[in-house]
Amino acid sequence: MTAHAPAEEHAHDHPTPGTYAKIGLVLFVLTALEVGLYEFTYGERAGPLAHDIQPFFIPLLLLLSAVKFALVAMYYMHLKNDSKLFSGVFVFPLIIATVVILAMVALMAYHWAFSRSG
Amino acid sequence: MATTAIDQHHAHAAAHAEKTGLWSWLTTVDHKRIGILYGATAFFFFLLGGLEALIIRIQLSRADNNFIDPDTYNQLFTMHGTTMIFLAIMPLSAMFFNYMIPLMIGARDVAFPRLNAFSYWVFLLGGLLLNASFLFGAAPDTGWYGYANLTSRQFSPGPNADFWNMGLQILGVASLAAAVNFFVTIVNMRAPGMTMMRMPMFVWMSFITQILLLLAFPVIAVALILLMFDRFFGTHFFIPAGGGDPLLWQHFFWIFGHPEVYILILPAFGIVSEVLPVFSRKPLFGYAAMVFSGVFIAFLGFGVWSHHMFTTGMGPIADTFFSLTTMLIAIPTGVKIFNWMGTMWFGSLQFKTPMYFAVGFIAMFIIGGLSGVMHSSPPADLQQNDTYFIVAHFHYVLFGGSIFSIVGGAYYWWPKMFGRMLDEGLGKVHFWLMLIGFNLTFFPMHIVGLNGMPRRTYTYPKELGFELLNQIQTAGSFVLGLAFLVFLWNVIRTSRRPRNAPADPWNGATLEWSIPSPPPEWNFDTLPKVSGRDPLWDEKRARGGQMPEPRAGTGAGIHMPNPSYWPLVTAFGVAAIFVGIMMLPKWGPWGIIVAVALLFFGLYSWLFEKGYSEFTTPSHGGH
Amino acid sequence: MSDHAQALETTTGLDSRKLAIWTFIGSECMFFATLISNYLVNKGRSLVGPFAHEAWTDPATGKVYEPIIEIPLVTVGTALLLFSSLFIVLALYGAQKGNRKMLVGWLGATLVCGIFFVGMQVYEFTHFVHKGLTLQRNMFGASFFTLTGFHGTHVTIGVIWLATMFYLALRGKLTPNRSVNLEMAALYWHFVDVVWIIIFPVVYLIR
């Protein structure tokens, strides 16, 4: 009689504990890379290449964190195998959040750079 | 002894017997009752805010007046704004979200009935805390937007700003909880066949409003936290001497504040979109365009906030950007206005009271929108900002817009909620008094504003020549007061009439008119199946024009969630936390500690309530 | 807690409670966005030190303040939180499969990680205060403690939630058809981890 799908919506390609563990390992490695990148660029034992890396430091770092973010969201939070509605409910606020952060940084930086009393 | 059919009937009837008494109201989880609680409370606060306005108007009726002193004046305009926005318009909209959304989507209740009750009680406690400030002679006095660093300890040493801060935080919790609830309800509890693009427009606009609430309220929550830290913990977020900047407050506040005004107007748009088709006997013109324009307004609403800050010297790039986005947002609004007119065009117009208010809404909102577009030009706004020109604008959109629409909604849905029709004659008197009083009060503000009368100032000198127009404004405000007395009289008179309103007094199109007035606790004997946008019109057409008057069944076999007092207890816990924060200097951490304990006690009792089953069951087949 | 899985058909076929927690998480994105914006705009606006990554000598007293940020400690905390996300996924897997040992074991491990993270934060805060950084000291201190403090509060609430789940799991009450309750807690926990994934580089690594 029901016209709706049943309450259970687990996809048939459910990740296994093995997959989860592998993702965990990747997350650990990515974190190590983040710290490694920091040490390489700014750390006490930063080598001669550190200076060249510096302009790329922030984008590289943010890229690494973005990948970690996506892995946790897609696999641990199960968005990859779940209804797209959940992804929408998460991603839309993320977009607004990003816009707000970027706008605030830009607006306040401009304000402080150009206002007379600093 | 075998139970007879009659015994069973009585048992079922008793299970669903209309509960009366204070306790039944304190423990209710029925969306209809919660709606009425919101409505009654909000109307009370609306009258309170109106009283605050009348005192302001008396003060301003004469130049160099001292009916009240400047400090009292500051408290009054702050509380008037805060009350009207947070304690009147928002909860009046919530009244309709609560009562109507489940009915319109063919559900028995919202997704989380106890959370629903919780939202109401938290709202009530927040409103009480805000107004308790009057008892201490320390009502908030720094404007409804609380600009820094006037709100710093240095310039606002008293507890006024703390009442405001804590009150708003409590109200924010209520709004967020309700927004989660209604978002899930609208997504997940629609009747079979009701796709998103078949939902009533009121439900769509409410849906978008919930999304705005979810995204905007956290921002002000953080801003208020930062202010609290400045005032209680010695940080300098908004204090220049310590490296902070008052402008930061303005940004954070208006990132919330601009979506907030769409939160205030979108439900009103939705109500008008319900009333106009019914009283034009024509479907809403351009349904899809109405949906998409609403979505566009909401999305773009997050990109216009600094138009409230054109006079802060943001520089030409920021000014231009926000000016463009603000002008852009006028377009989807215009689409809606044309679609409303298109709905009426060639319709068979029935001028009953709800229709008067809906048409009045369109006219007044257009005026408010026009002055709004005038503000969108930064150079023009340089003159208009901080003057009564702005006051005129936002009253035209919030009173001429939201309130006109909400009042129309009240007349429209009154029979459904209370089983009685409000008197048409008195309704029309109410309308004309309101229209005339409103325009007398607020239209001259455009003029005195452009002539330089500043906002938020308790008096003005005679030489400026504002006095005559201010006297007219004050007279108008009393006409407005009279209009609402007429409404009150209508309500009281109607309450003495027998409860015999038909299910469908207006020849409505949507599902709420298919069930008795007022509906039984379980709303629908059998959950409806929907195959179009105007399901009731479709059904009436299929039956040759008429529906038989529905009579509620016994509700046998339908399980509704039990009442519960844990939402109320938990609400006290939440409110107590913020009172505890306010009292940190006096009580140390103990207020907060006790409050958190109360919160956990209420919350865990709620979550582990014995034998409680939250979800309503559908009724399969008919009875 | 509801005794039966949501038996009611929903329009989307999705569990309303799961949708509710996702909706709440969406809202929380804006909460942390505001806190992160606040940190980013304010962190460089201190009138006096100590600072995040550079040493500072107070011109008035001559006292030398070390850089505040210490990478090793926070890296351990970050790893703890990441692994706790893995552990709770495994616990949920156990719950859904009716494997109580797996559920209790991994949930316990998650809880331990969470508690240690909070402990690390508390230690870090007191240590930073000893180094001269307070809420009131400068803009960096104010925004740092506010952002990480509210994150830590969210973690603490998560720990309490998980402890409750752990207790229920021990008592055998987290059956497969009630696993949505753990799923909700897990989603919240992952969100708290995901916010840290942003905070860690933005606060600790970016100079």
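Lettering follows sequence order; numbering is per chain, from 1. None of the values given here were measured: they were computed from a predicted structure.
- Using a 4.5 Å heavy-atom threshold, the side chains of C:Thr78 and A:Glu34 count as separate.
- Contact detail for C:Cys29 and A:Ala97: the closest heavy-atom pair is O-CB, 4.1 Å.
- You'll find the side chain of C:Arg207 stays beyond 4.5 Å of the side chain of A:Thr41, heavy atoms only.
- Using a 4.5 Å heavy-atom cut-off against chain C, the contacting residues of residues 99-109 of chain A are A:Val100, A:Ile101, A:Met104, A:Val105, A:Met108.
- Contact of A:Leu25 with chain C is not made at all, since no heavy-atom distance falls under 4.5 Å.
- Taking A:Val35 as the reference, A:Glu39, C:Ile71, C:Thr75, C:Phe200 meet the side-chain contact (heavy atoms from CB on, under 4.5 Å) condition, with sequence neighbours excluded.
- Taking the six-membered ring where tryptophan is involved, the planes of A:Tyr20 and C:Tyr93 are perpendicular, since the angle between them exceeds 60° and thus also 30°.
- Heavy-atom distances place both the backbone and the side chain of C:Leu187 under 4.5 Å from chain A.
- Listed here is the closest heavy atom pair of A:Met77 and C:Phe191: CE-N, 3.8 Å.
- Under the 4.5 Å side-chain criterion, counting only non-hydrogen atoms from C-beta, A:Tyr38 is not in contact with C:Tyr204.
- Nearest heavy atom pair, residue C:Met102 against residue A:Pro17, reads CE-CG, 4.1 Å.
- Your options are C:Leu86, C:Ile25, C:Ile36, C:Val194, and the one with the most heavy-atom pairs under 4.5 Å with chain A is C:Leu86.
- The minimum heavy-atom distance linking C:Ile198 with A:Phe69 is given by the pair CD1-CE1, 3.6 Å.
- Nearest heavy atom pair, residue A:Ser65 against residue C:Ile197, reads O-CG2, 3.5 Å.
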